[in-house]
Amino acid sequence: MSIFISILVVSIVGFAILKKYNAIATLFLGAAVLMAVCAAMGLPVIPEAKSSGNAWLDIFESMNLMFNNRFGGMGLILFALLAYARYMTYIGANDIVINNALRLLGGINKPYLLLAVTFLIGSFISLAGFGATSLAVLLMSTLFPVLNALGLPAISIAAAIATTATISFSPLAVDSVIAAENVGMSVEIYTLKYQIPLAIPSMLAMAAAHYFWQQYMDKKEGLLQQGSSKKVSLNNVDVKTSEIEGKAPGFYGWLPMLPIIVLVVTSGELGLVEGVTMNIGTIAILCLFTAMALEAIRHRSGRTAMEGMSAIVKGMEDALPVVLILVGAGVFAQGLKAIGAINMLIETASQVGFGATAMMLALVGLTGAVAFLTGSGNAAFYAFVELIPKIADGMGINGVYLVMPMQQASNACRAMSPVAGVIVASSGMAKVSPFDLIKRTIPPISFGLAVNIILSIIFLPLAI
């Protein structure tokens with residue numbers, strides 16, 4: 001009975017999210033239904049030690065506990081990270097990173113090689129904390145006219161740019177922080193030891209796929225221009241996203257990477273410094289104070305530096321929906337645990353011989369499908385990542401083996417969806433159909449994701 005109810009509720013919640021119902025409210029409502037069934041069946045909603053003494057009131061107590069847990073721990077980290085990312089844009093530090101990265105494209109005289117390198121440069125720029133859509137809009141507004149003038153078709157350029165944030169590899173990425181938290185691992189170990197070594201060959205594979213696929217499609221559609229050997233000039237390209245007057249000093253280009261540098265240096269697990277340990281939230285706050293001090297020196301005005309607080313608050317506002325989704329996903333996962341759905345899933349997998357790799361592929365398929373249908377990678381990943389600790393413990397496997405491919409699938413499949421913001425924005429600026437654009441993004445992304453999954457199977461630790 002309980003498994004039937006679980007499947008029904010999960011199906012309704014999934015359908016509602018696909019139909020663009022508010023994901024946060026949908027997750028909370030689904031969790032409340034599952035917990036209400038538990039209360040009616042006499043099952044404990046939450047552990048006895050945390051119970052209010054009444055199963056029906058425990059429905060709301062579970063939500064209260066999850067709010068305290070998420071806002072007091074992971075939430076503060078996300079607030080700090082996104083506040084820092086927004087402040088980097090505000091003071092112009094991200095402009096330095098972007099303009100320096102774009103200079104690397106100068107002098108390349110092979111259009112499709114330039115296209116592949118554009119994808120790689122865009123992926124690197126994503127380290128500065130840009131979301132997929134905002135990064136695509138930025139690159140489309142700056143690089144698109146230059147590349148198009150070289151004879152590259154608009155749809156090929158848009159395809160390369162729309163896929164720049166499909167492989168996650170930054171310790172500052174929100175989904176990486178959440179993934180590391182759910183596998184009980186520090187974010188620097190998760191990214192530097194496991195994620196980056198698999199992400200780099202995956203991105204190179206995707207770049208190569210762009211090189212061949214876009215050229216093939218352009219030739220097939222009669223868009224290929226033969227004999228073009230112009231050199232690209234980016235001397236006149238000057239990205240400006242900062243909200244204050246004046247150009248930031250050149251050394252500000254290090255500021256967006258400063259939290260990563262501090263994270264590596266102070267990581268006790270990496271053995272670089274002994275006796276000092278800080279989590280990524282503390283590091284973000286430290287770097288934020290450092291950046292504000294530099295701004296005060298730069299402008300010779302403490303007041304000017306303090307005015308950047310508005311950008312910090314906006315960054316925190318950006319983090320709030322993410323934290324609320326995490327709370328909703330956590331409560332929904334608690335409802336599934338309380339009704340026994342997770343235990344049944346693990347027992348069924350064991351009985352039918354469903355091994356770790358099969359479970360990982362199933363979770364990748366499920367996460368990728370939701371990301372494709374909804375156009376949101378974050379909602380899909382956040383909804384399912386909460387289930388991983390229970391599944392991994394029940395099957396006796398390392399959680400990173402399940403989580404990392406799921407994370408990459410959620411990012412990758414977003415750029416395959418015609419309703420994703422990054423696809424809609426890129427296709428609109430290139431004046432092509434979103435459905436035509438995904439014909440150009442799906443093969444390179446699929447190839448890169450397949451490489452990542454294969455490498456995950458080979459190299460990620462299976463045992464706890």
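These numbers come from the heavy atoms of this one structure, side chains and all, not from hydrogens, waters or symmetry mates. Given the structure is predicted, the values throughout are model-derived calculations rather than measurements.
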J.: Out of curiosity, C287 SG to M257 CE, how far, rounded to the nearest 0.5 Å?
T.: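 Answer for the SG-CE pair, C287 versus M257, is 12.5 Å.
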J.: How close do Y252 and A93 get, counting heavy atoms only, and between which atoms?
T.: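 Closest heavy-atom pair between Y252 and A93: O-CB, 3.4 Å.
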J.: Could you tell me whether the side chain of V37 reaches within less than 4.5 Å of the side chain of V9, counting heavy atoms only?
T.: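 Heavy-atom side-chain distance check fails, nothing below 4.5 Å.
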J.: Can you tell if the side chain of S202 reaches within under 4.5 Å of the side chain of F447, non-hydrogen atoms only?
T.: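 No. Closest side-chain heavy atoms not under 4.5 Å.
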J.: Where the side chain of N411 meets the backbone of I167, is there a donor-acceptor pair that is under 3.5 Å apart?
T.: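 Checking the backbone N and O of I167 against the side chain of N411, no donor-acceptor pair under 3.5 Å is found.
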J.: Evaluate the side-chain proximity of M63 to I59: yes if any heavy-atom separation is below 4.5 Å, no if none is.
T.: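 SC-SC contact between I59 and M63 confirmed.
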J.: Is there a donor-acceptor contact under 3.5 Å from the side chain of T367 to the main chain of V364?
T.: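 No: the side chain of T367 does not pair with the backbone of V364.
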J.: Are the side chains of L363 and L387 in contact, using a 4.5 Å heavy-atom criterion?
T.: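 Contact flag for L387/L363 side chains = no.
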J.: If I compare all heavy atoms of L192 with all of I196, which pair ends up nearest, and what's the gap?
T.: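 For L192 and I196, the tightest heavy-atom pair comes out as CD2-CD1, 3.6 Å.
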J.: Is T441 reaching over with its side chain to a backbone N or O of A415, donor-acceptor style, under 3.5 angstrom?
T.: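 Yes.
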J.: Using every non-hydrogen atom in the two residues, find where P171 and L263 come nearest and quote the distance to one decimal.
T.: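 Result for this residue pair: CB-CD2, 3.6 Å.
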J.: How close do M416 and S446 get, heavy atom to heavy atom, and via which atoms?
T.: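 Smallest interatomic distance, heavy atoms only, reads CE-OG, 3.4 Å.
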J.: Are L324 and F67 close enough, and set up right, to give a side chain to side chain contact (heavy atoms under 4.5 Å, CB included), and what steps lead you there?
T.: CA-CA 8 Å; L324 288 175; F67 268 105; 3.8 Å; yes
J.: Taking the side chain as every heavy atom from C-beta outward, state whether T26 and F332 have any pair of such atoms under 4.5 Å apart.
T.: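 SC-SC contact between T26 and F332 ruled out.
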J.: Output yes when a side-chain donor or acceptor of N452 lies under 3.5 Å from a complementary backbone atom of G448, and no otherwise.
T.: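 Not at all, since once roles are kept as given, no pair shorter than 3.5 Å links the two residues.
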J.: Between Y84 and I283, is a side chain to side chain contact (heavy atoms under 4.5 Å, CB included) present by the stated rule, with each step listed?
T.: CA-CA 10 Å; Y84 186 74; I283 291 171; over 6 Å; no
J.: Can any side-chain N or O of N69 pair as donor or acceptor with the backbone N or O of L65 at less than 3.5 Å?
T.: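 Checked: no pair found.
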J.: With rounding to the nearest 0.5 angstrom, report the CG to OG1 distance, L198 to T191.
T.: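 L198 CG to T191 OG1: 12.0 Å, rounded to 0.5 Å.
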J.: Parallel, tilted or perpendicular: which one describes the rings of F71 and F79, with boundaries at 30° and 60°?
T.: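 Because their plane-to-plane angle lies in the 30° to 60° range, the rings of F71 and F79 count as tilted.
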J.: Do the side chain of D58 and the main chain of E61 share a donor and acceptor less than 3.5 angstrom apart?
T.: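 The answer is no, because no donor-acceptor pair under 3.5 Å joins these two groups.
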J.: Do V331 and L27 pass the side chain to side chain contact (heavy atoms under 4.5 Å, CB included) test, and can you show the C-alpha distance, the side-chain angles, and the key distance before you say yes or no?
T.: CA-CA 8 Å; V331 175; L27 288 169; over 6 Å; no
J.: Just how far is it from atom CG of L78 to atom CD1 of I178, taken to the nearest 0.5 Å?
T.: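 Between atom CG of L78 and atom CD1 of I178 there are 5.0 Å.
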J.: Find out whether I454 and V451 are in side-chain contact, i.e. whether some heavy atom of one side chain is under 4.5 Å from a heavy atom of the other.
T.: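 A side-chain contact is absent here, since even the closest heavy-atom pair is not under 4.5 Å.
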J.: With side chains defined as the heavy atoms from C-beta onward, is the minimum distance between L361 and T357 less than 4.5 Å?
T.: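 They are in side-chain contact.
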J.: Would you give the length of the straight line joining atom CG of L288 to atom CG of L81, rounded to the nearest 0.5 angstrom?
T.: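 Nearest 0.5 Å value for the CG-CG distance: 10.5 Å.
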J.: Count the heavy atoms belonging to other residues, nucleotides or ligands that lie under 6.0 Å from CZ of F435, then report whether that count exceeds 12.
T.: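 Counting neighbours around CZ of F435, 12 or fewer heavy atoms of other residues, nucleotides or ligands fall under 6.0 Å, so no.
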J.: Will you find, in the side chains of Q407 and Y190, an N or O donor that is under 3.5 Å from an N or O acceptor?
T.: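 Yes, because at least one side-chain N or O of Q407 sits under 3.5 Å from a partner of the opposite role on Y190.
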J.: Please table the atom pairs, donor to acceptor, closer than 3.5 Å between any side-chain atom in residues 119-139 and protein atoms at least two apart or in another chain.
T.:
unit_1	atom_1	unit_2	atom_2	d
S123	OG	F119	O	2.9
S123	OG	T164	O	3.0
S126	OG	S123	O	2.4
T133	OG1	V422	N	3.2
S134	OG	G131	N	3.1
S134	OG	G131	O	3.1

J.: Test side chain to side chain contact (heavy atoms under 4.5 Å, CB included) on I189 and Y194 and set out the steps.
T.: CA-CA 7 Å; I189 294 298; Y194 297 116; 4.1 Å; yes
J.: Nearest 0.5 Å please: distance from the CG atom of L326 over to the CD atom of E386.
T.: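 It is 6.5 Å, given to the nearest 0.5 Å.
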J.: What is the distance from atom CD1 of I397 to atom CG of L462, rounded to the nearest 0.5 Å?
T.: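 The distance works out to 6.0 Å.
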J.: Output yes when K314 and E317 qualify as a salt bridge under the 4.0 Å nitrogen-oxygen rule, no when they do not.
T.: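 E317 and K314: not salt-bridged.
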J.: Minimum heavy-atom separation for G75 to V323, with atom names?
T.: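 G75 and V323 have their closest heavy atoms at CA-CG2, 3.8 Å.
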J.: Any side-chain heavy-atom pair from Q408 and Q195 closer than 4.5 angstrom?
T.: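 Yes; the side chains approach each other to less than 4.5 Å.
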J.: Tell me the closest heavy-atom pair linking V183 and V400, and the distance in Å.
T.: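 That would be CG1-N, 3.6 Å.
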J.: May I ask you to decide if F372's main-chain N or O and S417's side chain share a donor-acceptor pair within less than 3.5 Å?
T.: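 Answer holds: yes.
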